[in-house]
Amino acid sequence: MAELSKAYEPQAVEARWYQHWLDQKCFVADPASPKPAYSIVIPPPNVTGVLHMGHVLNNTIQDILARKARMDGKEVLWLPGTDHAGIATEGMVAKQLRKEEKKSKQDLGREEFLKRVWTWKEKHGGIIIEQLKKLGCSCDWTRERFTMDPDYVRNVQRVFVDLYKKGLIYRGKRMVNWCPATQTALSDEEVEMKPQKGFMYHFNVEVVDVVGQPPPAGKVQQAPPPAGSTAGEGARMTTTGEGTGPTTVRSTDTWLTIATTRPETIPGDTAVAVNPKDTRYAHLIGKHIVRPLPAELPREQKLIPIVGDEHVDFEFGTGVLKVTPAHDKADFDIGQRHKLPLLEVINADGSMNALAGSDLAGLDRFAARKVAVEKLRELGSLLEEKPYENNVGFSQRADVPIEPRLSEQWFLKYPSVAASQKCVAEGRMKFYPDRWAKVYDHWLTNIQDWCISRQLWWGHRVPVWYRGAEVFCGLEAPPGEGWQQDPDVLDTWFSSWLWPFATMGWPENTETLKKFYPTTDLVTGPDIIFFWVARMIMAGYEYMGEMPFRNVYYTGIIRDKQGRKMSKTLGNSPDPLELIAKYGADALRFGTMRSAPLGQDILFDEKDVELGRNFCNKLWNACRFRQMQGGEVQGEIETSKLRGDDKWILLRLNQTIKDTSHALADYKFNEAAAALYRFFWSEYCDWYVETTKPIFHGTDEVKKANTLAVLDFVLSHTLRLFHPFLPFITEELWHGMGYHEDMPDAQGGRTIMFAPWPKPFDADFRDHYSLDDCYLDFFAAKQELVTNGRNLRREANLPANKKVKFVLKREYQFTPNDMEVMKVLLNADAFDILPDYEPPQGTLTAHCEWGELYLPLEGLVDLDAERTRLTKELEKIVNEIAKVEQKLTNPAFAQKVPPAVLQEHQQRLTDWHSKLSHVQKAIEGLGAA
RNA sequence: GGGCGAUUAGCGUAGUGGUAGCGCAGCUCCUUUACACGGAGUAGGUCGGAGGUUCGAAUCCUUCAUCGCCCACCA
């Protein structure tokens, strides 16, 4: 074995082993394998994305699961891929186009623009894939998929056609969430409510009686063409009641006050609504009001009715609601109920059209708001303008307010809802943490149809063709001339909801599907529970007749150490690749996992990565220590030569195997990492390795060999336990230490990846090595003694490197090795067991389970200081005794408490009492003050 | 408006009824041939407040407070 360097240098090591794993095809999943299957599909990152801390968390967890499963002897498929991310990618390319060529996508035309997107994808896509490799992800890259791959596209179409034929997909003119920035419809899930500071305006309108035929204040407008519409389009003047007969308008001298936050929509109002139960206004229902805007229209063309509607809350505002059916969802519903005309005054891009009047036409909706307020003021109609905060829906992607808009879109009535809801409710599919099950259930219960069409070009085009009034839905254009394909594309999630099976070659690749579907685990953030998880479950049931995964692990959200969300604008998101370059991928992984409890947000601190780096170095040096003792890998442990210390560390290892395995089975990655960390650093390195030093400094070659065997045993197990967390360094050490040599290829000879996951020792093993729990107690007593001894050194202010002499008052023969070990641990040049020892004055003493421990110093001690310290300790002990006694003397306590607890308390009392007498004696020993 | 989560040492976090743990930062000592990315020791907590259940509460219940998230058509 090659000699290890003094400090671990991850950079070269990591690249080398990753290439080795690829060369050896270690990540490739074989559907023909007889091994039981473990499968997991990656939440596909955006193809043009770059790795951030959220990915690190998410993919480290998946990698741990995949690597653990391999060591458990499973045939593992971790299926990777990327997502075309419709809006995000199209937006990015369009922005670049604007910047570099000063052109819009319309200037290029659909075909040319799509070419540019593909070029962009070829150039920037896949960066994140390379970054995942740097992190150590063991994905089967031979199966890497992209949601725009030809066969994936085909699957999306197939599903669309199928759902269309089932009558679940339909086209309809509905109120949708319209994003004026990207000029497309969005699903409800893509709208984010944000509190916005604005104003609440109160304005007056005149109530009039209309005799004769009331003129329509407008008629239904056609939805403008979805894509490429420009300001001013659709602004046809269709308002007046021409040819409807004579009309008389009579003033009533009554005025109503209306409250609104959106005065710019006044020209689009086609009614005013009041609650019919509202006694203030009920008598006005059926009369009309004169809409104040547009100012230039004659008053008889601005008469709109007062309607009664239960929806109106008379507590809110003035109790009078202006109804804008074309630009508000609730108003649209009111409009439907009262057959009100729709008057569209806002264009697709958020500007006002000609129907809004000459004052507003052409202005952006927010500029128009200011102008509208000015107009109301000029008309003397404006009563009040006060600051107001309300919730406004924002486009999640473009971060601009949504404009509710009536348009022709494709909708999906969700399939397999009942089955999807049941599998989680009945616990057949498990959520970790399970509180998300409630959130999921609530969403499914209140589910609305999904608007799946987008007015974009980058994506899966709707597989529907039109010819006049004919509509055809199918995988190919129908035969015959004159068919025009629907220009819209589908929501990105309409492709990713098929991810678990579409990536496995559905429907043809039955071998892979049979072996690996349903997948075992899904690891994702709770922020996409509706977008993705719920929809995948529905698609899974609809197309595979089976849930797509058995367990869903929801990670926390990574925040900075002040608890703020990571964001580009805040600049608080560290670049994982820089961290990897600085500390190593293992360090980043370990640091992240150690501070990532199940279902909690994670406050990220670079210190955690530093801790991971330090730990890797510790692991490295512990192996280096073993290596420096020389000798080949020692396979057999000689039972009769085992020391108590050896048995102790083997027992501790056994417990750690159990703890780690349990923690991983429960998806408690932080607990697993903490258990391993504690075992290795605090028990193996800090205590066990120290106890071996007297052996290695000695001359007994048999004992040396046996101790080496124990070191090798513990290290080879520990490396395997750490491998899922620290794939690179464990592989390097696995080979560096020569542990691979004992194993056949398939079990770790080739790579630690396939070495068997350690199992707790069975009864036979424990019997053979006489691993009795009494060795734990013995070692605990030894630790206590050593700690006490070290305390005494500190009390006497002795430098840590000064050799001293200790005396233990006890009748007991320790083994020579134990004596040596205690000398080393206490850094003493003498350690005597003297049953009749009488300490001279100026001797520090400590009370240990094994007896009184003395540090004779003869005059070196400040007696007064020591007396003060002991008196303080005495007080503490008396306090503790009082506490325990109070409990024990409570009759109810003795009656109700289980015997074990009672015994424990009694034991504790005894211990305190013996400490008490020791301290009292020690004070006496100091002599009078 | 409804739901969910959080509140433990300066900071971060573990701990689901029986003596409050860990990491970082702090302080003291130590370059003792695995490791200063280290070792030894030490200080620091009425477990957010108030009630209650219990022999016993960080833990269970009620309530309040603060923070965060999700859902909801109040103009």
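Only a predicted model underlies this, so the values are computations on that prediction, with no experimental measurement involved. The chains referred to below are lettered A, B, ... by the order of the sequence lines, with proteins before strands, and numbering in each begins at 1.
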Whole-Å distance, A/Asp328 CG to B/A75 C1', equals 7 Å
A/His905 atom NE2 is separated from B/U19 atom C1', nearest whole Å, by 8 Å
### Query
Taking the same atom, C1', in B/A58 and in B/C47, what whole-Å distance lies between them?
5 Å
* What is the nucleic acid contact for A/Val323, judged by heavy atoms within less than 4.0 Å: base, sugar-phosphate only, or nothing? -> nothing
With the side chain defined as heavy atoms from C-beta on, A/Val439 is closest, among B/G23, B/A75, B/C70, to B/C70
Next on the checklist: I'd like the C1' distance from B/U16 over to B/G10, given in whole Å.
Outcome noted: 28 Å
When you compare B/G15 with B/G2, how far apart are their P atoms, in angstrom units rounded to a whole number? 30 Å
Once you apply a heavy-atom cut-off of 4.0 Å, does A/Asn890 come out as touching a base, just sugar-phosphate, or nothing? sugar-phosphate
Taking atom P in both B/A6 and B/G45, what distance in whole Å separates the two?
26 Å
Can you tell me how far P in B/G21 sits from the matching atom in B/G5, rounded to whole Å?
28 Å
Work out how far the C1' atom of B/C27 is from that of B/A9, and round it to whole angstrom.
15 Å
Sorted by chain and residue number, the salt bridge (Lys or Arg N to Asp or Glu O under 4.0 Å) partners of A/Glu385 (sequence neighbours excluded) come out as A/Arg377
Legend entry - Proximity of A/Tyr553 and A/Phe669 rings by center, below 6.0 Å: yes
By nearest-heavy-atom nucleotide on RNA chain B, the more 5' of A/Val312 and A/Asp188 is A/Asp188
Would A/Tyr432 and A/Asp666 satisfy side chain to side chain contact (heavy atoms under 4.5 Å, CB included), going step by step from the backbone distance to the final call?
CA-CA 9 Å; A/Tyr432 297 85; A/Asp666 293 340; 6.0 Å; no
Check your understanding: Do the charged groups of A/Arg291 and A/Asp269 touch, with an N to O distance under 4.0 Å?
Key -> no
Separation of B/G68 atom C1' from A/Arg435 atom CZ, nearest Å, is 12 Å
Rounded to whole Å, the CD-C1' distance (A/Glu606 to B/G12) equals 16 Å
A/Gln196-A/Asn390 side chain donor-acceptor pair, cut-off 3.5 Å: no
Each base of RNA chain B marked ( ) or [ ] if paired in-strand (Watson-Crick or G-U under 3.5 Å), | if paired to another strand and . if unpaired gives (((((((..((((....[..)))).(((((.......))))).....(((((..]....))))))))))))....
Closest to the side chain of A/Tyr388, out of B/C70, B/U19, B/A75, is B/A75
When rounded to whole Å, the CG to C1' distance for the pair A/Asn670 and B/G21 reads 14 Å
| field | Check: A/Phe725 ring centre within less than 6.0 Å of A/Tyr677 ring centre | value | no
Exercise. Can we say A/Glu384 and A/Lys386 salt-bridge, meaning some charged N sits less than 4.0 Å from an Asp/Glu carboxylate O?
Worked result: yes
Which of A/Trp532, A/Phe431, A/Tyr440 passes ring pair (Phe, Tyr, Trp, His ring centres under 6.0 Å) with A/Tyr554? It is A/Phe431
Fill in: Between B/A72 and B/G3 - P atom distance, rounded Å
15 Å
Using a cut-off of 4.0 Å on non-hydrogen atoms, how would the nucleic acid contact of A/Leu611 be classed: base, sugar-phosphate, or nothing?
sugar-phosphate
Judged by nearest nucleotide, the residue sitting upstream toward the 5' end of RNA chain B, A/Trp687 or A/Ser682, is A/Ser682
note: A/Phe590, atom CZ; B/G23, atom P; distance rounded to Å ~ 13 Å
A/Arg908 CZ to B/G18 P, in whole Å, measures 11 Å
Please state the C1' separation for the pair B/U32 and B/C24 - nearest whole angstrom. 27 Å
When all nucleic acid strands are considered with a 4.0 Å heavy-atom cut-off, which category describes A/Glu315: base, sugar-phosphate, or nothing? nothing
Whole-Å distance, A/Arg337 CZ to B/C73 P, equals 14 Å
- Message: When you compare the side chains of A/Thr910 and A/Gln907, does any donor N or O come within less than 3.5 Å of an acceptor on the partner?
- Response: no
message = Below the 4.0 Å mark, does B/U42 have OP1 or OP2 next to a side-chain nitrogen or oxygen of A/Asn791?
response = yes
**Prompt:** Looking only at side-chain N and O atoms, does A/Lys322 come under 4.0 Å of OP1 or OP2 in B/A75?
**Reply:** no
If you define the side chain from C-beta out and look only at heavy atoms, does anything of A/Leu844 sit under 4.5 Å from A/Leu853? no
Quiz prompt | Verdict with reasoning, A/Asp309 to A/His338, per side-chain hydrogen bond (donor to acceptor under 3.5 Å, both in side chains) | solution = CA-CA 9 Å; A/Asp309 196 282; A/His338 299 276; 2.8 Å; yes
Quick tally for nucleotides 25-38 of chain B: nucleotides whose base has a protein heavy atom under 4.0 Å get B, sugar-phosphate-only ones S, the rest -, giving ---BSSS--BB-BS
